[in-house]
Undergrad: 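The structure is given below, and queries will be raised subsequently.
Note on naming: letters A, B, ... go to the chains in the order of the sequence lines (proteins, then strands), and numbering restarts at 1 for each one. Just so it is clear, the structure is predicted and the values come from calculations on it, not from any experiment.
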Number of protein chains: 2
Amino acid sequence: MALATPDGVGAIGIIRVSGKNAFQICSTLFFRKSGLPVDISKLNSHSIHLGVLKENDLVLDEVLLSVFKGPNSYTSEDIVEFSCHGSRYIQQQLIQLLIRRGARLAEAGEFTFRAFFNQKLDLVQAEAVADLIASTSATSHQVAMQQMRGGFSSKIKILRENLVNFASLIELELDFSEEDVEFADRKDLKQLVLSIQKVIQRLVDSFELGNVIKNGIPVAIVGKPNAGKSTLLNVLLEEDRAIVSDIPGTTRDTIEDEMSIEGILFRFIDTAGIRQTSELIEQIGVSRTFEKIQKSSIVVYLFDVHELTKTGLNSEIQEIKEHLNENSQLVIVGNKIDREDLSYTEKEFASFKDILFISAKERRNIDALRKRFVDLFDSRTINVTETVVTNARHVQALQNASFALEKVYEGLNRNISGELISVDIKNALHHLGLITGEVTSEDLLSNIFSKFCIGK
Amino acid sequence: MALATPDGVGAIGIIRVSGKNAFQICSTLFFRKSGLPVDISKLNSHSIHLGVLKENDLVLDEVLLSVFKGPNSYTSEDIVEFSCHGSRYIQQQLIQLLIRRGARLAEAGEFTFRAFFNQKLDLVQAEAVADLIASTSATSHQVAMQQMRGGFSSKIKILRENLVNFASLIELELDFSEEDVEFADRKDLKQLVLSIQKVIQRLVDSFELGNVIKNGIPVAIVGKPNAGKSTLLNVLLEEDRAIVSDIPGTTRDTIEDEMSIEGILFRFIDTAGIRQTSELIEQIGVSRTFEKIQKSSIVVYLFDVHELTKTGLNSEIQEIKEHLNENSQLVIVGNKIDREDLSYTEKEFASFKDILFISAKERRNIDALRKRFVDLFDSRTINVTETVVTNARHVQALQNASFALEKVYEGLNRNISGELISVDIKNALHHLGLITGEVTSEDLLSNIFSKFCIGK
């Protein structure tokens, strides 16, 4: 039993009770408004009933009770949900009352774990439930939804089926090994392994995108002190997140926050200004900035159009480029066009392609900058409707399966015995099975479900 | 339409749609998992259905849909509730989708207002819903629950019925006024007015208790600097609320927080230490302390048993008593018994009755102090199962009704004409009607319901 709605005061709070004694326990405390007792097990599944919660003669609340009879419920067990007034006091009292009647508090993710245990969901789908709840952008939501509805699971299932067929052919050979028959054409087998590897590789490759979809595309904003980085961050995040002042070097920590633009999640990172400095704390800030550049998919180099000549800009960009990683993209942005006629500025920096001129302070051209981010993402995009892996655990398992399959392929090349090949195939099957939970361990499960919220 | 569960991330979020187009609007976006459309108006009331929310071909979420057909619903209108995954993103998207389909966001308290408008609840019951959600202790919860279930309303209804009878007798006289008949025995009438006045007075009197139940019994903790007031407050509140230090005069602001003891809500008030001081800020603190004493139901005078003799204690208590209001009670508490043998202390202060010796630091005798608070409350208690008025608006209306009835009584004494008496009776009826909402105004209603949370 657990509170299933967010903690806090609201119109409605829902307490969910699941398990084989749910109906019996809840029947001891739920009554019609007339005072008549109710045998919940006699009520129809998926029906709702108005009544009161009572202990002795004290009415705790007027509630709606929803009945779900297993296996037609989230957990596949009998479930009662009390929809009570959204007061913390009432929720706490009801939870205490249920405990006195023999229920116990659910652990984090326990309802979803039971759904998995009772084969309502596989492990990928269960993990997708948590991702779905945590998703904050259209793309991350869409990927989680697709996984919850079984998109990724069915891919893995097909891979496993192919491998099982493969394995059974090899096993058949082993049974007839004395006769030295080859049921499985070695060439066909190699072809099959290669095609499975190709699918796995595509899934593994999708993780870079998946990770970025789930956690946001890291965008570092860098530049000299007082170029307006914090102001730009605030404008992009549409709130006052960073402390802004005219004193160069105000931002020492790197500040991060996310924002969804056209359904894509970006994680913006403000950084300490890059300059030669003798002050220790600021030095640390600058070196941290270079680390951030390394890890970002998009690096915005922001400069004050009044402070730099084209020569100066050129040498700045060279320095940044040294720290850029191979996959990240540089966006050069000239700031503070509020203070001057734009035509001069454009002439001075005409030799640089793709410079975007903005005024963070006056919010000019910010939408163009946002659009630039979205375009950069689009150009690198795999179609999101394709299966995308967003979970490090899944990638790990896919890589392990791939590693086992490499051995299979090698074995086939070297014509080693079916017995040894069979071991590697089983190993690959094992790792694929870990993804969806056909194969599992207690550690793995507790690790996955403990990250859920209570009540899910 | 509004989110009915607390804002935030949880297992479940509920979006409620109420009104005559609710079924039609929701039917455009809710589908069976198979993709088949659903005509919600054809579903049974109080039934739950699994399905998906879809716009174009994009699945937003898998949800449970609950159907309530008016008038058997909270608002008395057709209601659809979507129980979706508790992600902010999903909730926002669903709300946007509903708006695109023609629904609009509900105002604060609008569902309850509609319940009132459709005569599901009277005004007292509607206000009790808000109190119920806000209640944080057993007694405040119980009073709100009793009001929501109609306890107070039925009292008012009986008063009104009595007055209506009274009025109709007077009116009858007016119809036959030329014949100079007295249908209503003046003595009986006076008796009736007196008995109604008595009931009203008891309700008005109950407000002191009601207010204290709802907002907590104010307990001021006073004493010399460094007597351990802040430490005691922290111990009572079971948290580190006040800044504690050994420097006398650390607490300058008065600090308040509430705590429920045995179901009764107490509001503890830490105060600046009382001493002669030349420092301005501290002087303000001391004078504020005397104000707090005036407003408290219980005043705890805390002293360090090592710092005061019985003579000193005596003069201190005299000073406090000068600031005490007539209804408040003084509790004398000797602190820091940790540092000495108790027998000496007890002997020194033997002449004072009811001193409680504690050690705030070592948490000794704190439960005894808590029990003292509860006992003091109990001794002043009206039985909570009796009707208690907790709402200043209700008291105001009762007092106005009482005032009108006084005029009726006077009129009867002075034998003035039935016409004039009738005006005052109607006035009394008007004020009683304001309480339950038989009489109402737009201002009053918007004032009441705007204090509700969105979604209720």
Undergrad: Tell me, out of Gln92(A), Arg88(A), Met148(A), Gln93(A), who's got the most heavy-atom pairs with chain B below 4.5 Å.
TA: Met148(A)

Undergrad: Please state whether the side chain, the backbone, both or neither of Ser137(A) comes within less than 4.5 Å of a heavy atom of chain B.
TA: backbone

Undergrad: Please, which pairs that meet salt bridge (Lys or Arg N to Asp or Glu O under 4.0 Å) have at least one residue in residues 62-72 of chain A, sequence neighbours excluded?
TA: Lys33(A)-Glu62(A), Glu62(A)-Arg149(B)

Undergrad: Rounded to the nearest 0.5 Å, what's the gap from CD1 on Ile14(B) to OG on Ser83(A)? Could you check?
TA: 5.5 Å

Undergrad: Counting only heavy atoms closer than 4.5 Å, note whether Asp61(B) contacts chain A via side chain, backbone, both or neither.
TA: both

Undergrad: When heavy-atom pairs shorter than 4.5 Å are enumerated against chain A, which of Gly8(B), Ser140(B), Gly10(B), Ala11(B) gives the highest number?
TA: Ala11(B)

Undergrad: Under a 4.5 Å heavy-atom cut-off, does chain A meet the side chain of Leu60(B), its backbone, both or neither?
TA: both

Undergrad: Using a cut-off of under 4.5 Å for heavy-atom pairs, which of His85(B), His49(B), Arg16(B) has the most such pairs with chain A?
TA: His85(B)

Undergrad: To the nearest 0.5 Å, what is the distance between OG (Ser73(A)) and CD1 (Ile48(B))?
TA: 11.5 Å

Undergrad: Contact part of Thr136(A) toward chain B, heavy-atom cut-off under 4.5 Å: side chain, backbone, both or neither?
TA: backbone

Undergrad: Output the option from Ser260(B), Ala144(B), Ser66(B), Ala138(B) having the highest count of non-hydrogen pairs under 4.5 Å with chain A.
TA: Ala138(B)

Undergrad: So which part of Glu81(B) gets closer than 4.5 Å to some heavy atom of chain A, the side chain, the backbone, both or neither?
TA: side chain

Undergrad: Tell me if the CZ atom of Phe117(B) is crowded by more than 12 foreign heavy atoms within 6.0 Å.
TA: no

Undergrad: Can you measure from CE (Met145(A)) to OG (Ser87(B)) and round to the nearest 0.5 angstrom?
TA: 8.5 Å

Undergrad: Can you confirm whether more than 12 heavy atoms, excluding those of Lys157(B), are under 6.0 Å from its NZ atom?
TA: no

Undergrad: For the side chain of His141(A) and the backbone of Ile90(B), is there at least one donor-acceptor N/O pair under 3.5 Å apart?
TA: no

Undergrad: On a heavy-atom basis, which atom in Gly86(B) and which in Ile133(A) lie closest, and how many Å separate them?
TA: O-CG2, 3.7 Å

Undergrad: Which answer fits Ile12(B), side chain, backbone, both or neither, if we ask what part of it has an atom under 4.5 Å from a heavy atom of chain A?
TA: both

Undergrad: What part of Tyr74(A) is in contact with chain B, defined as an atom under 4.5 angstrom from a non-hydrogen atom: side chain, backbone, both or neither?
TA: neither

Undergrad: Can you tell me which portion of Phe68(B) sits under 4.5 Å from chain A's heavy atoms? Options are side chain, backbone, both or neither.
TA: side chain

Undergrad: So what's closer than 4.5 Å to chain A heavy atoms on Ala2(B): side chain, backbone, both or neither?
TA: neither

Undergrad: Please list every donor-acceptor pair under 3.5 Å in which a side-chain atom of residues 449-456 of chain A meets a protein atom from a residue at least two apart or in another chain.
TA:
| unit_1 | atom_1 | unit_2 | atom_2 | d |
| --- | --- | --- | --- | --- |
| Ser450(A) | OG | Ser446(A) | O | 2.8 |
| Ser450(A) | OG | Asn447(A) | O | 3.3 |

